[in-house]
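Only one structure is covered here, and it is reproduced in the block below.
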Amino acid sequence: MYNIVSAIFLAENIKKIEIKAPRIAKKRKAGQFVMIRVSENGERIPLTIADSDPEKGTVTIIVQGMGKSTIELNGKEAGETIHDIVGPLGTPSHIEKFGTAVSIGGGVGTAIAYPTAVALKKAGNYVITINGARTKDLVILENEMKAVSDEAYITTDDGSYGFHGFVTQKLQELIDSGRTIDYVLAIGPIPMMRAVAEVTRPYGIPTVVSLNPVMVDGTGMCGGCRVTVENEIRFACVDGPEFDAHKVDFKNLSDRNRMYLGEERQSSETASHKCRIGHQQ
Amino acid sequence: MDPKPMTTKERLAIPRQAMPAQDPKERIHNFREVNLGYTPELAQQEAMRCIQCKDPVCIKGCPVNIKIDRFIKLVAEGNFLGAAKKIKEDNVLPAICGRVCPQEDQCEKVCVLTKKYTPVAIGNLERFVADYEREQGKIELPDVKPASGKKVAVIGSGPAGLSCANDLARLGHSVTVFEALHELGGVLMYGIPEFRLPKDIVKTEIEGMKKLGVKFVTNTVVGRSVTIDELMGEEHFDAIFIGVGAGLPWFMGIPGENLLGVYSANEFLTRVNLMKAYDFPRSDTPVFDCRGKNVAVFGGGNTAMDAVRTAKRLGAEHAYIVYRRSEAEMPARAEEIHNAKEEGIEFLLLMNPVEFTGNEEQWLTGVKCIRMELGEPDESGRRKPVPVKGSEFLLPVDMAVISIGNGSNPLIRQTTPDIEVSKRDTIVVDINTMATSKEAVYAGGDIVTGGATVILAMGAGRTAARAIHEKLTGTAPNFNEW
Ligand SMILES: Cc1cc2nc3c(=O)[nH]c(=O)nc-3n(C[C@H](O)[C@H](O)[C@H](O)COP(=O)(O)OP(=O)(O)OC[C@H]3O[C@@H](n4cnc5c(N)ncnc54)[C@H](O)[C@@H]3O)c2cc1C
Ligand code: SF4
Ligand code: FES
């Protein structure tokens, strides 16, 4: 059992949770993740480490309630516990002084991009961040991002805040303005990452994406997280989760991520059904 | 007065006692253990078949040299607890080994009765004795030597790690086992299914080790959460044993392997066993819904048999084993092949997949196979299968499980480069001590041999424990005193 030290909503359905896990807090580097099992019969779900405090011995994750497990996790408050957390897993982000680095986050992908943006800044890069959300209320980590960016942009699909449009449009604008961009990191929904890869491909800008396949163990043992990169099988939990965006087979990834859609629906329905019963009592 | 001792002739006249088992028609609908175990009467009857050879060759056939003749004698005499004690001098996990060892390739293969009659059912007896002891609640806590003040870290809680930890704890060392997963037991928990090895047995063994003082730390991936150098440095461990198994599933590298519905055996079995997907949605982890579907498992080892029989229990209409050699070359235990057939598993032998086919939505719909014939023996001594030109055909399947073996997980070697590894990425050791190229670091089990057996992993754990004890104290332990 691991203690939750703090838990606060950043936006509707998006919660920031700080968990006591000293070993992980001490070791983790930008780009790594943990596997969490919320309860006894829970799934093992991968979540990127958004931040850590080695002194306090805590790691922070940012969770959007989507399926049964993430909704259950989001229902947790400070003082409660989760059953299991293991990490840090995955290969840390490759960080160096590239020059001008653009970090792009879509939705909760912003939370995943944040630690890498911090590391890029520390390494002496000129950091531009572009963070997209559907609408103003879903914008997260705005101040944190500003603090690590030399330039920070927010985009909303509905124009309710910041730039009206997609992150890719903002990126294209930056490229068109003729400035040199040496490195792009894009994290978010698969269509967004794929679109960013297509924007940078013609210019040959090195672009990295963080992939989110279904995982079971997160240690390289099951092969369930396999992705196709340059026509080769790679295990995202060990070789990744970050890969060269121009070499990733996004279609295969989004296909494979559909594998349990039916079951997930069934599982969430049973969960929300239980909730409703709970409310009546 | 003692009854008159039986003559050899009388002993030889007793038939081998069959293992009582669940009816195949029934058991394909549940995950309960297939074998029900001997009764005391059956066990004694079987034990009487042993002619107590002057030179008990069976012992040499056992990788850990259990004193087979002596424990069987005790069974024949009805001293079951004494028999359990005798086995445990050499094997700490008899309830497990009695169930999963390939006896027909080991002790029972060389038993003198094998040539003319059928071998003594050594495995069944081992299982009986261990179960008897456990069910009577008579598992004695073994003596523990006074504390040595030395700290040993064991990495991985599979059979190799457990046996090493157990021995070292009894020798008085402070032992901490670090396990990557949330559950202890390695392949015994996440790989081998309940119907072959009930998880409660593994849990009881681990509880026993906790009572001996072994500390278990789950959710810790050595190489990621902490490195070997940190364990030896900041955390002051005097020695390390690496028993991390062979955990990196191989794929076949044929088209369509990433279609939806294609699994590695590790993933399929982990979902079902460790994550309890058979109980979905009460348990949150799903697995492909096999009900009424056709499932093909590629491979001929124990893992393949476990996967295909699991699919059948999950409701598969047709569950096939597709194997590129013939049945004689199958590495699986003979009993599992037999049980699989009884359960209606269909064996497609001398066949190899060449391509998976899928539908628009990328779900698996079939597998194109080619027929094989056996050619000249290869380096493993088995006749090499060669494809028969033009013999391709399409087997319609909805789910496929690839069970062709495992490579080694890279985490330890990447983070501890001074441990020498072979070309196959297994850890190189001195087989007499299990010492690696790194000072005070030992290794054993599948990470050294590549995918092998539970008993070999356990034996390696003990060899390492002996060497570690000698290194830490300067004296050799005597396990025979136990
Ligand atoms: C499905 C299946 C069926 C089998 N059936 C049989 C059978 O009938 N008979 C038989 O004799 N053999 C059988 N085997 C083979 C047998 O299980 C193995 O040979 C044996 O378990 C190897 O033991 P081990 O201790 O080396 O490794 P494992 O049992 O693999 O245990 C290794 C442990 O280390 C952990 N680990 C890995 N990396 C790390 C890390 N970096 N840090 C911390 N922990 C780590 C793993 O999570 C695991 O728990 C079977 C194997 C499988 C997969
Ligand atoms: S070889 Fe067979 S008959 Fe002889 S002692 Fe061993 S088990 Fe008994
Ligand atoms: S999640 Fe199992 S190998 Fe990556």
Side-chain angles (χ1 to χ4, degrees), chain A residues 2 21 23-24 26-28 32 34-35 37-45 67-69 72 83-91 216-228 232-233 235 238-239 249 251-260 262-264 266-271, chain B residues 179-183 190-191 217-221 223-227 230 234 244-251 253 257-271 274-277 279-289 358 361-363 402 406-411 414:
Chain A
Y2 299 78
R23 262 191 213 280
I24 307 176
K26 201 170 105 191
K27 283 298 272 200
R28 78 96 199 185
Q32 290 188 295
V34 288
M35 299 289 303
R37 207 163 67 109
V38 184
S39 58
E40 177 76 53
N41 285 323
E43 290 177 274
R44 293 170 62 97
I45 50 168
K68 178 170 184 232
S69 305
E72 202 180 328
H83 217 282
D84 298 287
I85 178 169
V86 54
L89 301 171
T91 305
V216 184
D217 59 304
T219 66
M221 181 270 281
C222 79
C225 64
R226 63 193 187 275
V227 291
T228 311
E232 262 184 53
I233 286 186
F235 289 4
V238 181
D239 304 323
D249 181 342
K251 161 108 178 34
N252 185 234
L253 175 65
S254 61
D255 285 339
R256 285 184 58 82
N257 277 3
R258 279 191 287 108
M259 177 114 181
Y260 300 106
E263 282 83 358
E264 269 162 35
Q266 190 186 347
S267 191
S268 314
E269 274 163 19
T270 348
Chain B
E179 168 55 50
L181 293 172
H182 58 264
E183 190 95 69
Y190 74 70
V217 182
T218 51
N219 293 325
T220 306
V221 183
R224 291 274 198 232
S225 314
V226 63
T227 63
E230 286 163 349
E234 296 149 42
V244 293
L248 192 85
W250 281 326
F251 287 90
E257 230 166 359
N258 285 344
L259 287 165
L260 283 71
V262 182
Y263 286 96
S264 76
N266 283 7
E267 181 183 2
F268 179 62
L269 290 170
T270 301
R271 282 182 177 273
L274 181 72
M275 307 309 295
K276 309 191 180 81
D279 206 14
F280 183 85
R282 247 179 309 179
S283 153
D284 293 345
T285 306
V287 72
F288 184 86
D289 187 349
E361 273 150 6
Q362 301 300 306
W363 283 96
I402 298 163
N406 287 281
S408 0
N409 192 294
L411 292 182
Q414 280 170 2

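In what follows, chains are A, B, ... by sequence order, proteins preceding strands, each numbered from 1.
When heavy atoms are compared at a cutoff of 4.5 Å, A:Ile233 approaches chain B solely by way of its side chain, counted from C-beta outward. Looking at A:Arg28, there are no atoms closer than 4.5 Å to chain B (heavy atoms on both sides), in backbone or side chain. With a 4.5 Å cut-off on non-hydrogen atoms, A:Arg37 touches chain B through its side chain but not through its backbone. Interface remark: A:Val216 contributes side-chain atoms only to the contact with chain B (heavy atom separation under 4.5 Å). With a threshold of 4.5 angstrom between heavy atoms, B:Leu411 approaches chain A through side-chain atoms but not through N, CA, C or O. Within the 4.5 angstrom heavy-atom criterion, only backbone atoms of B:Leu259 (N, CA, C, O) approach chain A. Only the backbone of A:Ile85 comes within less than 4.5 Å of a heavy atom of chain B; no side-chain atom from C-beta onward does. Neither the backbone nor the side chain of B:Gln414 comes within less than 4.5 Å of any heavy atom of chain A. With a 4.5 Å cut-off on non-hydrogen atoms, B:Phe268 does not touch chain A at all. Proximity to chain B is limited to the side chain of A:Gln32, based on heavy atoms less than 4.5 angstrom apart. Contact annotation for A:Asp84: both backbone and side-chain heavy atoms come within less than 4.5 Å of a heavy atom of chain B. The parts of B:Ser283 that come within reach of chain A are both its backbone and its side chain, each placing non-hydrogen atoms under 4.5 angstrom from that chain.
No donor-acceptor pair closer than 3.5 Å links the side chain of B:Ser225 to the backbone N or O of A:Pro88.
Between B:Asp279 and B:Lys276 there is no salt bridge, since none of the side-chain N atoms of the basic residue sits less than 4.0 Å from a carboxylate O of the acidic one.
Taking the side chain to side chain donor-acceptor pair (under 3.5 Å) definition, one finds that A:Ser69 meets it with A:Glu43, sequence neighbours left out.
Inter-residue side-chain proximity for A:Phe235 and B:Pro249 is flagged as met; some heavy-atom pair is nearer than 4.5 Å.
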Can you list, pair by pair, the side-chain donor-acceptor contacts under 3.5 Å of residues 218-226 of chain A, counting residues two or more places apart and other chains?
{"from": "A:Thr219", "atom 1": "OG1", "to": "A:Asp217", "atom 2": "OD2", "distance (Å)": "2.6"}
{"from": "A:Arg226", "atom 1": "NE", "to": "B:Asn258", "atom 2": "OD1", "distance (Å)": "2.9"}
{"from": "A:Arg226", "atom 1": "NH1", "to": "A:Gly223", "atom 2": "O", "distance (Å)": "3.1"}
{"from": "A:Arg226", "atom 1": "NH2", "to": "B:Glu257", "atom 2": "O", "distance (Å)": "2.7"}
{"from": "A:Arg226", "atom 1": "NH2", "to": "B:Val262", "atom 2": "O", "distance (Å)": "3.0"}

